[in-house]
There are 2 protein chains.
Amino acid sequence: MNTVCKTHSPTLKESLRERKLKATPARLEILDILSHTKKPLSINDISVKIKGQTDLATLYRTFDTLRDLGLVTQIDFRHGHAHYELATNEHHHHLVCEKCGKVVDISKCNTTDIEKQVLKIGNFSSIKHHSLEFYGLCKACDKGSR
Amino acid sequence: MNTVCKTHSPTLKESLRERKLKATPARLEILDILSHTKKPLSINDISVKIKGQTDLATLYRTFDTLRDLGLVTQIDFRHGHAHYELATNEHHHHLVCEKCGKVVDISKCNTTDIEKQVLKIGNFSSIKHHSLEFYGLCKACDKGSR
DNA sequence: ATCTAGATGCGAATTATTTGCATCTACTAA
DNA sequence: TTAGTAGATGCAAATAATTCGCATCTAGAT
């Protein structure tokens with residue numbers, strides 16, 4: 001049941017060391033969980049999965065640093081709280097029902113070209129992520145609303 | 001100073017009537033403010049602009065209905081609170097600095113094709129909006145972090 | 001002018017997220 | 001291997017955003 005101490009990608013520990021960050025059990029476990037899940041998870045999802053063993057404040061802080069490290073991506077589904085997924089997952093987008101909140105994955109990402117332009121126009125040094133969510137009505141909710 | 005009772009687009013009142021919603025001063029004023037601002041505004045921005053004359057709860061409720069009506073778009077800059085802008089503004093995207101939070105507008109939107117595909121794949125009835133934000137480091141912050 | 005569904009204000013409740021501080025621990029250097 | 005220390009965690013309390021219940025009010029229909 002305890003899957004904490006798997007072999008983790010060397011990249012991870014390297015990334016951490018580069019920034020003088022420690023490879024703590026909490027960090028490793030969070031990444032382990034994310035790597036075994038397709039769906040983006042909320043802080044609460046994670047907390048449940050590890051049975052509350054790690055304090056919420058720590059989870060928030062951990063996700064902050066993982067996001068800054070570029071290992072994790074934060075997504076807003078307008079559910080009232082953030083979701084996170086591994087940045088190394090194949091990049092994709094989401095379709096969210098504005099009524100029931102259902103989320104559908106949209107595979108593939110066509111935004112590379114846009115991204116290059118954006119970099120120039122915006123006069124930024126680097127773009128690390130982007131987040132593209134579509135909002136509409138799923139068929140079930142559309143029926144319900146007529 | 002009081003710019004509440006301008007001539008508003010007929011579309012608005014129509015949209016409201018269709019759904020048995022009332023054209024109240026609060027709603028008209030919010031739309032008036034949004035139409036005179038290029039930047040997306042937060043609930044608090046709006047509250048300040050109208051000098052607290054309208055209760056926050058009402059503002060939240062109003063933006064909910066305006067969003068459902070499709071008149072207003074909600075955006076997440078990861079600033080800890082939502083931003084809103086007129087859906088009728090020329091559609092564009094944003095580039096957000098992960099460090100200082102600065103937001104730069106990216107004009108034009110190339111996602112129509114993607115949107116059509118998404119509709120099919122996701123098996124939704126309709127897509128009303130999408131939200132595309134890029135996250136990275138602005139030049140100022142990039143310098144600061146080395 | 002009246003009636004009523006829908007809107008608002010107010011206060012309180014919820015929920016998400018952040019912060020301060022004491023304690024702990026992963027890594028470094030000897 | 002072991003001590004020393006910067007960085008990490010837990011806990012509790014503070015903020016901040018958003019929502020809800022309910023009494024009152026008002027836009028729009030008749």
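In what follows, chains carry the letters A, B, and so on, assigned in the order in which the sequence lines appear, proteins first and then strands, with residues in each chain numbered from 1.
Counting 5' to 3', DNA chain D first comes under 4.0 angstrom of a heavy atom of chain A and last does so at the ends given by dA6(D) to dC11(D).
Residues meeting the side chain to side chain contact (heavy atoms under 4.5 Å, CB included) test with Leu119(B), sequence neighbours left out: Phe124(B), Ile127(B). In terms of the side chain to side chain donor-acceptor pair (under 3.5 Å) criterion, residue partners of Glu133(A) (sequence neighbours excluded) are, by chain and number, His94(A), Ser131(A). Among residues two or more places apart in sequence or in another chain, the side chain to side chain donor-acceptor pair (under 3.5 Å) test is passed with Asp64(B) by Arg67(B).
Screening His129(B), Lys128(B), His83(B) for a side-chain contact (heavy atoms from CB on, under 4.5 Å) involving Thr73(B) leaves a single residue, His129(B).
Residue order along DNA chain C, read from the 5' end via each residue's closest nucleotide, puts Lys20(B) first among Lys20(B) and Ile43(A). Mapping Gln74(B) and Arg17(B) onto DNA chain D by nearest heavy atom places Gln74(B) at the nucleotide closer to the 5' end.
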**Study point:** Ser47(B)/Leu59(B) under side-chain contact (heavy atoms from CB on, under 4.5 Å): CA gap, chis, key distance, verdict
**Key:** CA-CA 8 Å; Ser47(B) 180; Leu59(B) 290 183; 3.9 Å; yes
Review point. Does the side-chain contact (heavy atoms from CB on, under 4.5 Å) test come out yes or no for Tyr84(B) and Ile46(B), once each step is laid out?
Key: CA-CA 10 Å; Tyr84(B) 303 87; Ile46(B) 297 275; over 6 Å; no
**Study point:** Asp45(B)/Ser42(B) under side chain to side chain donor-acceptor pair (under 3.5 Å): CA gap, chis, key distance, verdict
**Key:** CA-CA 5 Å; Asp45(B) 293 336; Ser42(B) 66; 3.1 Å; yes
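Leu132(A) and Val96(A) fall into different hydrophobic clusters, where Ile, Leu, Val, Met, Phe, Trp and Tyr side chains are chained together by heavy-atom contacts under 4.5 Å.
Here the CG-CG distance, from Asn44(A) to Leu56(A), works out to 7.0 Å after rounding to the nearest 0.5 Å. Put simply, CD1 on Ile30(B) and CZ on Phe63(B) are 4.5 Å apart, with the number rounded to the nearest 0.5 Å.
Summarising the geometry, the separation between CG on Leu59(B) and P on dT8(C) is reported as 9 Å, rounded to the nearest angstrom. Counting to the nearest Å, the P atom of dC27(C) and the CZ atom of Arg27(A) are 10 Å from each other. Atom CG of Asp68(B) and atom P of dG6(C) are 15 Å apart (whole Å). Put simply, CD on Glu18(B) is 17 Å from C1' on dG6(C), counting in whole angstrom units. Put simply, NE2 on His79(A) is 18 Å from C1' on dT14(C), counting in whole angstrom units.
Under 4.0 Å is where a charged nitrogen must lie from a carboxylate oxygen, and between Arg78(A) and Glu98(A) at least one such pair does.
Residue Thr24(A) has no polar side-chain atom (N or O) positioned under 4.0 Å from OP1 or OP2 of dT25(C).
Inter-axis angle, ends of the helix from dA1(C)-dT30(D) to dA30(C)-dT1(D), five pairs per end, rounded to 10 degrees: 40°.
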N/O-N/O pairs, protein side and nucleotides 18-20 of chain C side, under 3.5 Å:
unit_1, atom_1, unit_2, atom_2, d
dG20(C), O6, Arg61(A), NH1, 3.3

